[in-house]
Amino acid sequence: MSKPQRPARKKGPLKGTGGHGRKSLEGKGPTPKAEDRSWHPAGQRKAARERYEAAAGKGGRRPEPPRHRKPSSAKDDSELVTGRNSVLEALRAKIPATSLILAARLEMDDRVKEILSIATKRGVPVLEVMRPELDRISGHDAVHQGVALKVPPYQYAHPLDLLETVRSRSQNPLFVALDGVTDPRNLGAIIRSAAAFGAQGVIVPQRRSVGVTASAWKTSAGAAARVPVAMASNLTATLKELKGEGMFVIGLDGDGDVPLHELELADGPLVVVVGSEGKGISRLVAETCDAIVSIPIEGLTESLNAGIAASVTLYEVAKRRSARS
């Protein structure tokens, strides 16, 4: 049986709005100009021009666009001095320290006892950590012996101020300048040799050279606390300034024309320039030197590294000065 069909409804006339749509039929008026529309490029240029004119009326300067700066992240530039001798020497020299870090269950010896005594008297905070944590903090290649000292970044001296300080003590100036030495262990060894043979300071260039890092502190065995390190913005210009102050400058090079044992400038105010093991001293620095000195080498050894070359030279200079004093 089929389902009865619903009769179709005829669509009649729609009812009116009762006058509610009358305003919409009247329109919105004339279209505003492009420069009066804030979203239009012409309107944006007009707003920018008005801001510029307002700023020019106040101070006559065009306002600078806002600069978006990345949020600065706090960076810890502190260095770690590791090893019992290095930490003890740093504390004895009253190097500013922010904290002393000791490994848990550390075996106490005379050095550790003195380290704790000095740190306690100076009010340096002492932190005790597990040995794996100390390994992580100091670096897995560092030999910390269970002791580490956190120190702020090294404060470099000015080369001319260094010279003035030495002369105020009525001493014969003897400096070591590094040219292209990038290994911190070489710097630490040179500082240690400088302290052993009477040099009053070490000069490092600002660029393309190693600075006083924790590794240099470690290699110097604490000598960095006694021998100041100065930084030169331009090594060649600094050497010329030191020459103008009456100092002699010698450079070490395997092909030098003056053998070390024949050096006649050892008695005067002297700067010994040490270059990198591979490239040696640079051309401009070599042209600034008063003499290029070579260290006689016997056997199959072709060259000495920077640390050993500086040590041998400083020993020879100290021996000559001692013999003539």
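Positions are given from 1 along the sequence.
- Judged by distance alone, the side chain of Q200 and the main-chain N or O of L163 form no donor-acceptor pair under 3.5 Å.
- For E287, the CD atom sits in a packed shell: over 12 heavy atoms of surrounding residues, nucleotides or ligands are nearer than 6.0 Å.
- Using a 4.5 Å heavy-atom threshold, the side chains of V293 and V272 count as separate.
- When the shell of 6.0 Å around CD of Q171 is examined, it contains more than 12 heavy atoms from other residues, nucleotides or ligands.
- Proximity of a side-chain donor or acceptor of S311 to a complementary backbone N or O of G307 within less than 3.5 Å is not detected.
- Linking ILVMFWY residues whenever their side-chain heavy atoms come closer than 4.5 Å, directly or via other members, places L174 and V176 in the same cluster.
- Between atom CE of residue M247 and atom CD of residue E241 there is a gap of 13.0 Å, rounded to the nearest 0.5 Å.
- One distance of note links CG of L235 with CG of L284; it measures 10.0 Å at 0.5 Å rounding.
- A salt bridge links E133 to R136: one of the charged nitrogens lies within less than 4.0 Å of a carboxylate oxygen.
- The backbone N or O of K150 lies less than 3.5 Å from a partner atom in the side chain of T98, making a donor-acceptor pair.
- Side chain of S193 to backbone of A189: a donor-acceptor contact under 3.5 angstrom is found.
- At a threshold of 4.5 Å between side-chain heavy atoms, the hydrophobic network of Ile, Leu, Val, Met, Phe, Trp and Tyr places V271 and I191 in two separate groups.
- Of the possible polar contacts, one joining the D179 side chain to the S282 backbone as a donor-acceptor pair under 3.5 Å is found.
- Cluster annotation: Y315 is connected to I297 through the hydrophobic network of ILVMFWY side chains, with a link wherever side-chain heavy atoms come within less than 4.5 Å.
- In this structure, L242 and I203 have side chains that are in contact, with non-hydrogen atoms separated by less than 4.5 Å.
- The main-chain N or O of V147 is never found under 3.5 Å from a side-chain atom of R84 such that the two would form a donor-acceptor pair.
- Of the inter-residue distances, the one linking L102 atom CG with L134 atom CG reads 8.5 Å to the nearest 0.5 angstrom.
- Between I281 and L252, every side-chain heavy-atom pair lies at or beyond the 4.5 Å cut-off.
- The cluster map of Ile, Leu, Val, Met, Phe, Trp and Tyr, joined by side-chain heavy atoms under 4.5 Å apart, puts I295 and V249 in different clusters.
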Pair E316-L263, side-chain contact (heavy atoms from CB on, under 4.5 Å): steps then yes or no
CA-CA 9 Å; E316 182 67 23; L263 180 63; over 6 Å; no

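- Closest approach of R226 and A195 over heavy atoms only: NH2-CB, 3.8 Å.
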Practice problem: May I have the step-by-step check of side-chain contact (heavy atoms from CB on, under 4.5 Å) for M108 and L116, ending in yes or no? | Solution: CA-CA 10 Å; M108 302 291 288; L116 281 172; 3.4 Å; yes

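- With hydrogens and angles disregarded, a donor-acceptor distance shorter than 3.5 Å links the side chain of R321 to the backbone of N172.
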Discussion item. Please evaluate residues L106 and R131 with respect to the criterion side-chain contact (heavy atoms from CB on, under 4.5 Å), reporting the C-alpha separation (whole Å), side-chain torsions for both, the decisive distance (0.1 Å), and the verdict.
Written reply: CA-CA 9 Å; L106 178 64; R131 188 170 289 270; 4.1 Å; yes

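- Side chain of S322 to backbone of A318: no donor-acceptor contact under 3.5 angstrom is found.
- Linking Ile, Leu, Val, Met, Phe, Trp and Tyr residues whenever their side-chain heavy atoms come within less than 4.5 Å leaves F197 and V273 in two separate clusters.
- When all heavy atoms of G256 and S294 are compared, the pair lying nearest together is O-OG, 3.4 Å.
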